[in-house]
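Here the structure is a predicted model, which is why all the values come from computation and not from measurement.
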Amino acid sequence: MATAASLLKGGILLLSSCNRSVIAARILYPPRPLHPILFTTKPPLISISARPLLNSINVSSNSKATARNVVGFCTATDATSVVDSSSSSAQSTEASSLTDPDAIKEAAGLLDIRVGKILKAWTHPDADSLYVEEVDIGEPEPRIICSGLVNYIPLDHLQDAMVVVLANLKPRNMRGIKSCGMLMAASDASHENIELLVPPEGSIPGERIWFGSENDKENQPVAATPNQIQKKKIWESVQPHLKTDASCTAMLGAHCMRTSRGLVVSKSLKNANIS
């Protein structure tokens with residue numbers, strides 16, 4: 001085992017390594033408590049800026065180490081937030097980097113957005129704020145989807161409702177029930193009013209929804225897999241650009257959201273965010 005100690009301005013950095021390729025770093029800033037961080041990966045290059053409140057911890061490596069390789073057991077909340085947010089900050093920056101309208105439309109084309117019909121809905125038995133829905137999206141079996149709509153939409157409004165479903169998200173366990181998709185909805189700036197997006201009358205469950213003109217239906221790319229959606233942050237890249245316009249039509253920038261029967265709309269929310 002080899003150890004090294006170096007004195008930094010405003011604090012002391014102690015580094016140790018061993019043949020198990022585990023590095024432990026501890027930083028002491030009187031009178032702050034000890035902030036130990038364990039890296040369970042190959043020894044990375046560690047750069048720590050010695051600020052009085054531990055404002056930043058930067059980790060880089062020539063291996064494939066990322067913030068997901070970090071196991072934090074910090075004893076102070078500021079250090080925990082730094083470690084836990086390092087991955088999400090990088091992902092958020094990457095996801096928000098799409099600004100070119102053509103690139104945004106291309107990314108949106110990878111989403112599998114479909115017309116759905118709610119066959120049955122009930123309150124989640126273990127979560128008062130969640131509904132559980134069985135939704136027909138043109139597959140042999142209905143999808144089970146959990147939605148946090150209890151405080152916004154009465155249960156009886158969901159029965160037999162035609163809806164818009166984002167179908168290629170990775171399934172998520174929602175208090176013991178696997179949710180396989182998301183009902184898309186519009187919400188005002190205060191997030192006090194929420195309305196489910198509504199496909200045009202006559203739309204058929206399972207039809208894929210697209211953005212653009214009627215002719216763009218034939219040019220839709222193959223939808224990405226759920227793993228690709230998650231890994232490439234496709235939904236996070238597209239979602240900030242989804243809104244309703246002054247006529248309540250769902251829009252991606254200048255492109256209308258539509259089925260072969262017409263435009264997708266919100267019932268009454270204008271200039272609202274869509275998620």
Side-chain angles (χ1 to χ4, degrees), residues 94-119 133 135-143 145 147 160-170 180-188 194-275:
E94 178 184 355
S96 62
S97 63
L98 277 185
T99 56
D100 177 68
D102 291 335
I104 294 167
K105 187 172 184 291
E106 181 179 353
L110 299 175
L111 299 174
D112 188 7
I113 304 175
R114 299 195 211 174
V115 176
K117 180 179 180 180
I118 298 178
L119 304 177
E133 304 99 11
V135 188
D136 177 10
I137 60 169
E139 297 175 334
E141 298 293 333
R143 291 278 186 107
I145 297 176
S147 305
D160 298 318
M162 297 298 293
V163 293
V164 174
V165 177
L166 179 54
N168 59 342
L169 296 175
K170 290 194 74 171
C180 301
M182 182 180 75
L183 303 185
M184 298 186 69
S187 61
D188 59 14
I194 294 178
E195 294 178 354
L196 290 172
L197 295 185
V198 181
E201 186 176 353
S203 295
I204 299 173
E207 180 180 8
R208 193 171 170 200
I209 295 171
W210 72 95
F211 299 95
S213 68
E214 295 180 10
N215 297 330
D216 286 332
K217 177 178 181 174
E218 305 304 324
N219 300 321
Q220 293 182 86
V222 176
T225 66
N227 282 337
Q228 291 170 330
I229 293 292
Q230 177 176 308
K231 182 177 180 180
K232 298 182 179 181
K233 304 299 175 187
I234 295 173
W235 169 241
E236 290 83 352
S237 299
V238 173
Q239 188 275 325
H241 306 282
L242 291 170
K243 298 184 182 299
T244 60
D245 65 8
S247 62
C248 300
T249 300
M251 306 288 294
L252 175 75
H255 303 288
C256 298
M257 189 179 195
R258 63 171 67 241
T259 76
S260 58
R261 303 292 293 184
L263 303 178
V264 174
V265 300
S266 169
K267 290 182 179 179
S268 65
L269 292 179
K270 303 176 181 180
N271 304 312
N273 296 318
I274 294 174
S275 59

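- Side-chain contact between P199 and R261: absent, with no pair of heavy atoms (C-beta onward) separated by less than 4.5 Å.
- At distances below 3.5 Å, at least one donor-acceptor pair connects side-chain atoms of S237 with backbone N or O atoms of K233.
- A donor-acceptor distance shorter than 3.5 angstrom exists from the side chain of R143 to the backbone of A167, with no hydrogens or angles considered.
- Remark: the backbone N or O of L110 is paired with a side-chain donor or acceptor of N168 at under 3.5 angstrom.
- Closest approach of N271 and A246 over heavy atoms only: OD1-N, 3.5 Å.
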Trace of the side-chain hydrogen bond (donor to acceptor under 3.5 Å, both in side chains) decision for S266 with T244: CA-CA 7 Å; S266 169; T244 60; 5.7 Å; no

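- Looking at F211 and V264, their side chains never come closer than 4.5 Å, going by heavy atoms from C-beta outward.
- In this structure the side chain of M257 reaches within 4.5 angstrom of the side chain of I113, judged on heavy atoms.
- Note that the OG atom of S147 and the CE atom of M182 stand 9.0 Å from one another [nearest 0.5 Å].
- Here E133 contributes atom CD and K117 contributes atom NZ; the two are 15.0 Å apart, rounded to the nearest 0.5 Å.
- How far CD of Q230 is from OG1 of T225: 10.0 Å, rounded to the nearest 0.5 Å.
- Atom CG of L166 and atom CG of L111 lie 5.5 Å apart (nearest 0.5 Å).
- Nearest heavy-atom pair across I209 and Q220 is O-OE1, 3.6 Å.
- Residues L183 and V165 have side chains in contact (heavy-atom distance under 4.5 Å, counting atoms from C-beta outward).
- Rounded to the nearest 0.5 angstrom, E207 CD and S260 OG are separated by 3.5 Å.
- Side-chain contact between M251 and C256 is present, with at least one heavy-atom pair separated by less than 4.5 Å.
- When all heavy atoms are compared, the tightest approach of R208 to P221 is NH1-O, 2.7 Å.
- When all heavy atoms of I274 and Q239 are compared, the pair lying nearest together is O-NE2, 2.9 Å.
- Residues I234 and A107 come closest through the heavy atom pair CG2-O, 3.5 Å.
- Between the side chains of N227 and K170, at least one donor N or O lies within less than 3.5 Å of an accepting N or O.
- Residues M162 and P205 meet the side-chain proximity criterion, which asks for heavy atoms closer than 4.5 Å.
- Of all non-hydrogen atoms in D216 and S213, the two that sit nearest each other are OD2-N, 2.9 Å.
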